[in-house]
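Each remark here refers to the structure printed beneath this line.
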Amino acid sequence: MKYKVLFNKREALKFTQFSNKGYALFSCLGKVVLVGVLSVPTLTYAKADGVSTDTDKVDSTTWKTNREVVLDGVEVTGSRAPLTLGQAARMVVVLDRDQIAQAPVQSVNDLLKYAVGVDVRQRAPLGAQTDISIRGGTSEQITILLNGINICDPQTGHNAFDLPVDISDIERIEVLEGPAGRVFGTSSLLGAINVVTKMPKQTSADVHAEGGSFGYLSSGARGNWLYGKWNNQVSGSYARSDGYSRSKDGRLNAGFEGSKLFYQGQYEDDALRVSWHAGVRMKGWGSSTSYATPKWKADNQFEHTDKIYTAIQAETKQGTFHFHPSIYWNQSRDRYEGYHGQPDLMKYNYNRSNVCGVNLNSYFDWVGGRTAFGAEFRNEDLVSGNLGEPLHTPVHIHGTDRDYTLGLNRTNMSFHLEHNILLRQFTLSAGFIAVKNTWNEMPFKVYPGLDMSYRLGNHWKVYASYNSSLRMPSFTELYYSVGGHKADKYLKPEELHAVEGGVKYLSRVVTASASVFHHHSRNMIDWILDTSVTDPVWESVNHTKVNTMGVETACDIHFHELWPSQQFLQSFRIAYTYLNEDKKAGEHIQSQYSLEYLRHKLTASLQLHLISYLDMGINYRFQDRVGSYTNLEGETKNYSPYGITDIRLSWNHPRYTLYVEGNNLFDKTYVDYGLVPQPGFWVSVGVTIRL
């Protein structure tokens, strides 16, 4: 299965029931199929092919008590191996446009806190810098996609969410949980997150502005122009904050300032669809004590990043074979200051990475089902002041009197094959990816996967899967040996094998799911600190084996379906994840990432309609993290559990929206990383005007 971006749409056929023939679905392959209708709850479990808001909605009268089969009300779109949502066997969280608008958040990073299988560890709020991981992994172990294009930075996963789009530009976010090697290749060890931008099917525009605590200000605008077969859109935004903490000398040390500019376009006719985007993200932020140690107590660190994203994709719409090629180029520039504005105390670290890739996905239908195949070429190049091997010819660092003297280049090649058997109640999807990387002379290795699902009656579905994946070490893990760190350039790639089984229940009133999964991984990469030695440093190492057991459950209740006569109660959701890893560090060993995981995470949300256009959303999350940290005084501390309540009150008029948001409502003191305390209660207000 593969994520499918919003612009891959087909002419829709609408069905209210299926025939009893096991092969009936095959006659629909290659077309969009809408089956029934469902309201999509907050953080809906669905397939990554996505839910489009542009298709016609099926009226609720199509629900019949004597219907033969009730399937998820979604569409089938062209992808590596497209399936209906009712048949999908993978656990995917889909956050649609309405859910994004209802959440009391200011960034994608904050929004993902409410996905129960996702661990969001902030070094600063409001999207300044965040590490995001899935199911007990690290921020390096997931693939980040923008409109289906891989935008992972091989230098480090810390800045992976420097997106060029504002949260108001996003149509939906798809979170695939578990290894996805046969779909996304070498960085999707534990899952993937796909950010899909919106492009309205009519000419439109909107502007927004908000401000709040800690000197926070943000503004942005978006507009698109639809002319015949062409659609073009431009958006831009700016945000800044003074920060919420101060260094020992009294200076603010957690502020940020940044801007975004994004352009996307599309051409579509009866035979072809072509889409493209280009974006820029510029940001600087105070890193406070983000990378400090008891030995190095710097509390005024700073970082600046510039990122460029470009891509073009196409899809054929006619013929036996369907082709979906894409080509992309992304560039990242990073400047890290150990002491903000004081290069004489510590030289600034400069890095520049360029990533280019070509991807071909294709599929065809035949009597045996649907077969998908393709290949990808991806080159990752880094020049740096402190990462990599010596360059034959130094490269000048623009705007400075210094040169990049180190660097590294590696190429990844992969080939995939997948086949799907689709019967009336049973789906089988099997395939593999073969991967070769030029780094460390890695040979071709094959990573298989298998997904199965079976529908029981009108409401129940059981599923099971086995998948495997790998991840190449980041350049930072291989070469970062400054500031109390010691890297190992001979690190091995991480590998993971996972099995999962679960059950889903789907009705108009209740949507529920439960799953159990087991991950067996080897050569997991982490930074560890041995506090028993006199001069401890953080070292990058391969753990031999790590086994993870997990349980994930979720339940949504749609009150407007249960009691249509009332409008006050809209929906309620509760979700819970439990993880246990059997790899434990030694008595004096501290882990920075892979062994610091959320053992318990619970999220809950309640949506209320008060009066007229006035709505209120209340969100709660509880987290209990395994692990410990050493504070700047050299004391070892265990992470403490905490619960955070957020609230949003909004006046949702068709032409405008006014809102006020309160985060950390009860002013809890907590940390995601031990040396970086998070802000207490803070409030923001804003307005969006639709032109």
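- Checked against a 6.0 Å centroid threshold, the rings of His600 and Phe622 do not count as neighbours.
- Looking at Trp682 and Asn664, their side chains never bring a donor and an acceptor atom within 3.5 Å of each other.
- Aromatic pair Tyr309/His277: ring centres not closer than 6.0 Å.
- To the nearest 0.5 Å, the span separating CG on Leu391 from OG on Ser384 amounts to 9.0 Å.
- One finds a salt bridge joining Asp153 and Lys307 here, because a Lys/Arg side-chain nitrogen approaches an Asp/Glu carboxylate oxygen to under 4.0 Å.
- Among all heavy-atom pairs drawn from Pro179 and Leu496, the shortest one is CG-CD2, 3.6 Å.
- Between atom CG of residue Leu382 and atom CZ of residue Arg410 there is a gap of 9.5 Å, rounded to the nearest 0.5 Å.
- A distance of 8.0 Å separates CG of Asp162 from CD of Gln129, quoted to the nearest 0.5 Å.
- The pair Glu596-Arg121 counts as a salt bridge, with a side-chain nitrogen and a carboxylate oxygen less than 4.0 angstrom apart.
- Across every non-hydrogen atom of Tyr404 and Arg352, the tightest pair is OH-CB, 3.6 Å.
- A 6.0 Å sphere centred on NE2 of His396 holds more than 12 heavy atoms belonging to other residues, nucleotides or ligands.
- The pair Arg222-Asp166 does not count as a salt bridge, with every side-chain nitrogen at least 4.0 angstrom from each carboxylate oxygen.
- Smallest separation of non-hydrogen atoms from Thr310 and Trp329: OG1-O, 2.8 Å.
- At least one donor-acceptor pair closer than 3.5 Å links the side chain of Ser474 to the backbone N or O of Glu477.
- Glu494 has a carboxylate O that lies under 4.0 Å from a charged side-chain N of Arg471, or vice versa, which qualifies the two as a salt bridge.
- With rounding to the nearest 0.5 Å, the separation of OH in Tyr639 from OH in Tyr673 is 7.5 Å.
- Across all their heavy atoms, Val355 and Cys152 have their closest contact at CG2-O, 4.5 Å.
- In summary, Glu389 and Lys489 engage in a salt bridge, as defined by a charged side-chain N under 4.0 Å from a carboxylate O.
- Going from atom CZ of Phe214 over to atom CG of Asp242 covers 10.5 Å, rounded to the nearest 0.5 Å.
- Between Tyr291 and Tyr336, the ring centre distance stays below 6.0 Å.
- Atoms NE2 and CD, from His543 and Glu581 in turn, are 9.0 Å apart once rounded to the nearest 0.5 Å.
- Remark: Arg648 qualifies as a cation-pi partner of Tyr659 under the 6.0 Å distance and 45° angle criteria applied to the six-membered ring.
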